[in-house]
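All remarks here apply to the structure that follows.
Just so you know, ligand 1 is whichever comes first in the structure, and atom 1 is the first atom listed for that ligand.
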Amino acid sequence: MKRIAIFASGSGSNAENIYKHFSTSKGGQISLILSENPNSFVLERAKTMKIPFRVFSMSELQDGKVKEVLEAYAIDFIVLAGFLKRIPHYLIDNYPNRIVNIHPALLPKFGGKGMYGMNVHQAVLDAGDTETGITIHWVNNNYDEGDIIFQARCQVSPHDTVESIAEKVHALEYEHFPRVIDSLL
Ligand code: GRF
């Protein structure tokens with residue numbers, strides 16, 4: 001069974017949803033939750049789900065400490081689920097094709113610097129696009145530019161708001177992300 005670590009910076013609803021999937025799937029288990037944000041709600045979820053968790057500083061992410069933690073937990077596969085920091089090159093090199101991210105839009109549109117959270121949905125609205133969605137992709141050394149593994153789409157209507165788009169995108173994330181991770185393990 002593959003041991004999965006989830007990196008998350010915020011609410012962690014995807015982390016919880018992925019955890020639920022793997023509590024009944026035999027392919028993997030969520031072995032560790034990591035965050036750079038000591039106030040993130042994902043840590044409360046980790047406590048409730050009884051998953052080990054660690055908070056790290058940005059210097060610990062850069063200087064190899066996070067790699068040591070991943071090794072201590074024998075992590076095979078890394079999932080970024082609402083993680084807002086850049087993964088350093090050394091970690092990417094240590095987990096080749098074993099780090100996936102989810103982006104709440106249809107890359108290559110609305111990716112790159114500053115494109116996270118509600119900024120993404122606002123940009124979709126500002127552009128007047130009639131569809132958006134999710135992109136699950138491998139993580140490489142450039143933000144949001146790794147090879148695309150999977151995309152799913154939803155409609156954007158003139159009545160949509162940033163909040164209503166976020167809701168539709170989250171629904172797609174919950175439906176597809178655990179299943180896609182499972183298929184990659
Ligand atoms: C998700 O929409 C994800 O795509 C984005 O950040 C959001 C995280 O939501 N990168 P949550 O913390 O899983 O609730």
Problem - Side-chain heavy atoms of Lys65 within contact of Ser59, under 4.5 Å - result: no
Practice task
Look at the rings of Phe150 and His176 and say which category their plane angle falls in: under 30° parallel, 30 to 60° tilted, over 60° perpendicular.
Solution key: tilted
If two hydrophobic side chains count as joined below 4.5 Å and joins carry through other members, does [X] share a cluster with [Y]?
X	Y	value
Ile92	Val66	yes
Ile149	Leu185	yes
Ile136	Leu172	yes

Completion exercise
The protein residues that pass the under-4.0 Å heavy-atom test against ligand 1 are Ser11, Gly12, Ser13, Asn14, Gly82, Ile102, Pro104, His170, Glu173
Exercise for the section: Ignoring hydrogens and angles, state whether a donor on the side chain of Ser13 or Arg45 is under 3.5 Å from an acceptor on the partner side chain. Expected result: no
